[in-house]
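Inspection log for the structure reproduced underneath, given as structure tokens.
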Amino acid sequence: CDVLNKEKPLPETRAEWRELLKWGDDCESGVTRIVNADVGFVGVTYYLLLDSSSLVSVVCRTGTSNQGEIVFRLVKTSLGQQVELLDFQQFRFIEPEIEPGQAEGFFDPNIEVPPDTVDLFYKYTDKLLWGNLTVNTENMTITNQNVFAQSCGEYTVYKLVQGKPQVVEFRARPYCRAFFVPVKKWKLYSQIARKKWPSGPVPDY
């Protein structure tokens, strides 16, 4: 089935989408319980972009407020349909230690963060995006908002450049606090700052 051919319908079931996109068992195993519940779960969203290419996001993991998704880019060429599973540069907060072995204390809303604390992240590349995705089909952007308890987390905007997602905005509020702050008021980390961050391992969601 060629999903870019307007004369043919889009796949309707998760099994039909998987037959087309060929995602692996590591994605499917994360939603087996929901699939087997026979509630009609598909977990696939299709986006037709301004340049006539397409994106398809697939849910691979589920959580309380966030979920893990992978994203395929589909392009119709003279040789047929090209399907590519995208890689995303991502960032993970390195929790500072208040005392040896007590990094988790920074997530206690009653503890004040020292004013001279320097936020440090590491960067990694992975196909799985953990959070909540939104796609702007005209601006060719993918936004991932990974929020914990509505008070902290990361907010990343990717723009497709020659078909590859590039980070154009990264905001974060690494310390969870009881009071709410809108995402757009979270600290913005520049490309210059991000380039200095070390590389690290892919988190285990």
Side-chain angles (χ1 to χ4, degrees), residues 14 17-18 21-35 37 41-47 55-73 83-96 103-104 106-107 119-137 139-160 164-177 180-189 191 193-194 197-205:
R14 187 174 179 91
W17 276 111
R18 191 181 184 194
L21 300 176
K22 312 294 185 186
W23 63 77
D25 292 340
D26 55 337
C27 176
E28 202 64 11
S29 62
V31 293
T32 298
R33 178 180 57 83
I34 304 175
V35 173
F41 173 77
V42 179
V44 176
T45 307
Y46 173 81
Y47 306 92
L55 293 179
V56 180
S57 64
V58 181
V59 176
C60 298
R61 303 277 190 280
T62 57
T64 303
S65 57
N66 297 309
Q67 58 189 12
E69 297 181 62
I70 55 176
V71 181
F72 293 87
R73 180 171 180 262
V83 178
E84 178 185 9
L85 179 56
L86 299 180
D87 286 303
F88 294 87
Q89 184 179 63
Q90 301 178 58
F91 310 100
R92 181 101 169 159
F93 180 55
I94 300 174
E95 300 173 14
E104 65 276 8
F106 267 69
F107 294 87
D119 300 337
L120 182 61
F121 295 76
Y122 71 79
K123 53 192 174 187
Y124 65 95
T125 299
D126 193 18
K127 293 176 172 57
L128 185 76
L129 285 172
W130 183 260
N132 287 281
L133 295 185
T134 56
V135 175
N136 186 314
T137 57
N139 293 339
M140 307 275 287
T141 57
I142 302 168
T143 299
N144 186 44
Q145 186 169 317
N146 181 16
V147 177
F148 308 95
Q150 297 184 345
S151 64
C152 60
E154 300 96 29
Y155 173 89
T156 313
V157 180
Y158 302 90
K159 187 172 182 63
L160 289 175
K164 306 294 183 183
Q166 306 292 327
V167 178
V168 293
E169 181 179 349
F170 177 68
R171 296 178 181 271
R173 191 181 187 219
Y175 308 109
C176 292
R177 291 296 178 262
F180 173 76
V181 175
V183 169
K184 280 299 185 177
K185 291 188 177 181
W186 289 3
K187 183 174 180 180
L188 175 66
Y189 296 86
Q191 183 180 18
R194 299 195 306 265
W197 292 342
S199 298
V202 175
D204 183 17
Y205 292 111

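Please read these numbers as outputs of a predicted model, since none were measured by experiment.
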Could you report the tightest heavy-atom contact between [X] and [Y], atom names first, then the distance?
X: Q90; Y: W130; answer: OE1-N, 4.5 Å
X: Y124; Y: G200; answer: CB-O, 3.4 Å
X: D87; Y: P165; answer: O-CG, 3.1 Å
X: V59; Y: C27; answer: O-SG, 3.9 Å
X: T125; Y: V202; answer: O-CG2, 3.7 Å
X: Y122; Y: P201; answer: OH-O, 2.9 Å

Using side-chain heavy atoms (C-beta onward) and a distance below 4.5 Å, is [X] in contact with [Y]?
X: K123; Y: Q89; value: yes
X: V71; Y: V135; value: no
X: P174; Y: I94; value: no
X: T156; Y: V167; value: yes
X: T45; Y: L133; value: no
X: V31; Y: F41; value: yes

Backbone N/O of [Y] and side chain of [X]: donor-acceptor pair under 3.5 Å:
X: R18; Y: W23; value: yes
X: N132; Y: Q67; value: no
X: R14; Y: V44; value: no
X: K159; Y: N139; value: yes
X: R173; Y: W186; value: no

Straight-line distance of [X] [atom1] to [Y] [atom2], nearest 0.5 Å:
X: K185; Y: F180; atom1: NZ; atom2: CZ; result: 10.0 Å
X: R61; Y: L129; atom1: CZ; atom2: CG; result: 13.0 Å
X: K22; Y: W17; atom1: NZ; atom2: CH2; result: 13.5 Å
X: D126; Y: R92; atom1: CG; atom2: CZ; result: 11.5 Å
X: D26; Y: L128; atom1: CG; atom2: CG; result: 9.0 Å

- Task: Could you walk me through whether L85 and I70 pass side chain to side chain contact (heavy atoms under 4.5 Å, CB included), step by step?
- Result: CA-CA 7 Å; L85 179 56; I70 55 176; 3.8 Å; yes
- Would N146 and E154 count as having a side-chain donor-acceptor pair, cut-off 3.5 Å? yes
- Parallel, tilted or perpendicular for F170 and F121, by the 30°/60° rule? perpendicular
- Query: Is the CD atom of E84 crowded by more than 12 outside heavy atoms at less than 6.0 Å?
  - Reply: yes
- Item | Derivation and outcome, ring pair (Phe, Tyr, Trp, His ring centres under 6.0 Å), residues F91 and W197 | CA-CA 9 Å; F91 310 100; W197 292 342; 5.5 Å; yes
